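All figures in this text were calculated on a predicted structure; none of them were measured in a lab. Protein chains get the first letters and strands the later ones, always in sequence-line order, with residue 1 at the start of each.
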Amino acid sequence: MSLQLESVRKGYTVGSVKVTALSDVTLDVPTGEFVIILGPSGSGKTTLLNLIGGLEAADGGQIRVDGEDITRLPEAGLMRYRRFKVGLVFQFFNLIPSLTALENVALAAQLVNSQQRDPREALEWVGLGDRLDHYPGQLSGGQQQRVAIARALSKNPALVLCDEPTGSLDYQTGRDVLSLMRRLNREHRQTFVIVTHNANIAQMADRVVRLRDGRVMDVTLNPSPVEPQDLDW
Amino acid sequence: MRTSVLLRKLIGDMRFNRRGFLAVWLTFAVGLTFYNATYPGGRNFVASVGRFWDQTHLADLWFDLDSAPANVVESVRAIEGVRAASGRLALDLGLERGGSAPVVTVRLISLPESEADVNNMVVVEGRLPAAGDEIALAQSFAQAQGIALGDTLSLVGGADGAAWPVRVAGFAASGEYLIGSRSPLQPFPTLSTFGVGYAPYAALVDLAGVDAETINNIGLILTSDADVNTVRAAVTEVLRPYGLRLILDRHQQPAVATLKANMDSNTQIGLIMSLIFLFGSGAIMGVLLARQVDSERRAIGTLRALGYSRAEVLAYYLAFALIIAVTGVIVATPIGYLITWPILGFFQTGIVGGPIPSLSNPPNAAFILFGASTGLALALLAAALPARRAATTDPGLALRPPTPAGIGSVARVHVPGLSLSGRQAVRNLLRVPVRTLSTVLGVVCGLAIIVVAFAIWDTIDYNFNAYYRSIQYDFIVTTGQLTPVDTLRDQVAGIDGVTGVETGLIAPVTVALADRMYTAVGIVLDDAQTFHSFDSLRGAPALSSAGVWIGHNLARTLGADVGDVLTASAAGITQQVQVVGVVKQVLGAPLYIPMSLFSQWTPFGVRPANQAYVRADPARRLEVQRALSDLPGVIGVEDWQSTIADIQRVAAFNGNFAYIFLGFGMFLTFVVLFNTISASLYERHNELAIMRMQGFSRGEIRSLVTWETSIAVLLGLLIGILPTLLLVDYIVQLYNTDVAGNVTAIYPPTWIAAVAILVLTALAAQVLPLRSVYAVNMGDVSKSVSV
């Protein structure tokens, strides 16, 4: 899935103060690319991810996904977009605590009957074939994040958006999770957009977008990405 | 300073969460208002009636006789245990108002020469009758009949057969006829057909055609240490030679029985309803504060880190309950008291049919304090658990980011065959069992109250409408003397316009079973009678010479059932009779004896009667009624259809409470579910937002929440059935007295309606909480779940 952002703007009103979160962001992401968006806290990374994911509405500009401008979609259209095209992974996993690993994945997969992947298979991809009936509270942080990735991938989305996916994981687990993502990206040609403030991760990306104060400072293409297992931070 | 800052925070918190607190406050205030409106007012009503009975020297025992010399009262007064006794002459006559008005029955009671020691009366308007052509009438009867002071009326049915013109000199009230009912068989006011009047003794003697110094009714008051059974037995011995017709003690006296049944039950119901509401408000207060404590985890940690003590944090959260309770008391107490006035007016009109002379309704400090302190205690108790949890929060832990929520082992249940949504709903309900229990209890309470509302209507219909529809005649004709069945039937059947007639014999019968004894009304009916369509509750379905049927009130009072052998005594004859059936008889405590059995006890198989049940051509009812009144020996013609209408009107009065119950049940269910669903969705705010981010539609989220609500409602319904049945039966039986008793009825549509109302109420309760989920800002949540 390709992404084109053109002059995207987003602001908030906090009390009586207007805050600009994103200003004139323009970006092109080809299908199947592994993109990392870097920036310090408050740079607008998560806002950008939310706009791409259809979680928030932009104040201006266009966000074209495979040529369709999602900023013009009504609520029902955005819901279908999130359901069929987007997979989301968060820093704190956000699994449903009352469902097992398999059920968490199935909950998302059942939304997209025709395109769903077998939830068991999705969990086996992420190495949790032996933890199907475990509840989130019975899994480690890394395992929970892998369930969250399986959940996102079970819908077979064209676009996977990850917000600080290693932010609450230890170093080794973080590297494992990134390896998994990279592998899935290569195997399934899904576009991955990962937001992080960890600059060291950027070495594994095909494309690195640097944000500061809501503006794109630069976009770097990486001809020879580093394998996640070789990353160090 | 610290206190004022905390107070500002507290007020701010309440404003922020105003919907939830308003729901709790309203539930609390409604419960307390209901208590203050019903219980103290009801007790004041009972106390007022009690004062009036004291003031009018209400008897402990009544004896109806054929006739006796007045000096027999001296013999009765001399019996040990009798404190006071009065004799009088009472006569049932027809009262004609002229024009096309039907003849109604008036029970004319002789006035004593001075104030009576027993069963006195008071004049409430006008004056006492001074001459033989004057009478005083019971005020409620006069009002119902549209009779004014100074009106001239005619008494018919006297000994000489002539109409006796009388002028209404005054309106009176007496304790024994506070409810203007004819007999223990009809312990409800039937003011359309029956009333009480008072006339000078000499006039009664002339009307009755008896010798001077004759009486036929004695009332007596016992000393405080007397045993009523012992005195009754001794007095019975003295009066036996004078044709003892009926003995009543206070429990059987219609005014006492009916007022006691209505007032005791209604005040009791008021108390039950108030407690249900106060418990309901306590439950949702607990849920609301638990949610408040959860959401303020960091704030509590900050307060504790700043140096606020556990006691201060505890007091802070208890203050929520205190504010709700204190403001609730301040508002509910005066409003409740103000509502007592229309309620007492409602009671007077509905039960008594007119004003009670000694009614007073002062605010009762003891009852008000009881209600306020109970409400306050329940509110503080409900707040105690969440407040304690807040106070014992470790500040170090509270200030850290929250760890992802886990679930207890109880919520990890696996229900085979259930869809994923169903499993999720079940486990969500088990995540916070206490809250789910509150929801379920809310449904149980709602079900109980709503079914009680419908069951009151069903029971009234089953006992008063369906029952009376099954008794198919227009008039009851009563003769002063026993008449052969055939003679009476022929006399009545000979009147133009009469389309059907059956006869009966009615007389007091003393029945005994083991050590229990009771003066019942014996009714002898032809085995082949068709006018009374009895509803057999147990035993034989039709009259036969095998034994007797008893009304269910008599069965309850005596503890008798099918197969028991009773000892029945009347007019000096004692027989052993077997109970072959128990029939529904909502009013009165009768013993039905088939004529084929009764004629075995009489000399030569004589078949006497003193009542005729008459059907009339609808176009000639008035004409027939007058002709029946003119028959020789007839002392009363009761317009049975009017009597039924009166009885149904009084019964319907209690049906009005059903509307209140229905509204309260729906309100309580709504606020409980609203609060618990709000708390549940609030707690899972992020979880549901994440589902929305994944592409779940509003409808799918609504479906999940509806699953949860439905399961809780279903659980509540299943758990609630038994307590509901018990509560319905308890409330219906509250109205029981010796001479009145409902058979509990819940028609099948009631359950369907109650379930439908509960489900709709539950669905309505989730609308607002769901709207807050729909309105969630996914962008904000997305940022809050990453740092």
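Of the atoms belonging to A:F84, not a single heavy atom falls under 4.5 Å from chain B. Within the 4.5 angstrom heavy-atom criterion, atoms from both the backbone and the side chain of A:L107 approach chain B. Of the atoms belonging to A:K155, it is side-chain heavy atoms, and not backbone ones, that fall under 4.5 Å from chain B. Only the side chain of A:R151 comes within less than 4.5 Å of a heavy atom of chain B; its backbone N, CA, C and O stay farther away. Of the atoms belonging to A:L88, it is side-chain heavy atoms, and not backbone ones, that fall under 4.5 Å from chain B.
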Any chance you could lay out the ring-ring contact (aromatic ring centres under 6.0 Å, His included) test for B:F21 and B:F320, step after step, and finish with the verdict? CA-CA 9 Å; B:F21 278 104; B:F320 279 101; 5.2 Å; yes
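Among residue pairs with one or both ends in residues 421-430 of chain B, those qualifying as side chain to side chain donor-acceptor pair (under 3.5 Å) are A:S98-B:N428, A:E103-B:R423, A:E103-B:R427, A:Y135-B:R427, B:N428-B:R431, B:N428-B:E708; sequence neighbours excluded.
The most heavy-atom pairs under 4.5 Å with chain A, out of B:R684, B:H414, B:E687, come from B:E687. With respect to chain B, the highest number of heavy-atom pairs below 4.5 Å among A:L95, A:L78, A:V195, A:L55 belongs to A:L55.
Between B:D294 and B:R389 there is a salt bridge, with a side-chain nitrogen of the basic residue lying less than 4.0 Å from a carboxylate oxygen of the acidic one. Ionic pairing of A:R72 and A:D69 is present here: one or more N-O contacts between side-chain nitrogen and carboxylate oxygen are shorter than 4.0 angstrom.
The backbone N or O of A:N198 sits less than 3.5 Å from a side-chain atom of A:T196, completing a donor-acceptor pair. Remark: the backbone N or O of B:Y682 is not paired with any side-chain donor or acceptor of B:R291 at under 3.5 angstrom. Side-chain N or O atoms of A:N185 include none that pairs as donor or acceptor with a backbone N or O of A:M181 at under 3.5 Å. With hydrogens and angles ignored, the 3.5 Å screen pairs a side-chain donor or acceptor of A:K45 with a backbone N or O of A:P40.
Side-chain contact check for A:S7 versus A:D24: some heavy-atom pair is nearer than 4.5 Å.
Interface with chain A: from residues 695-704 of chain B, residues B:G695, B:F696, B:S697, B:E700 qualify, criterion being any non-hydrogen pair under 4.5 Å.
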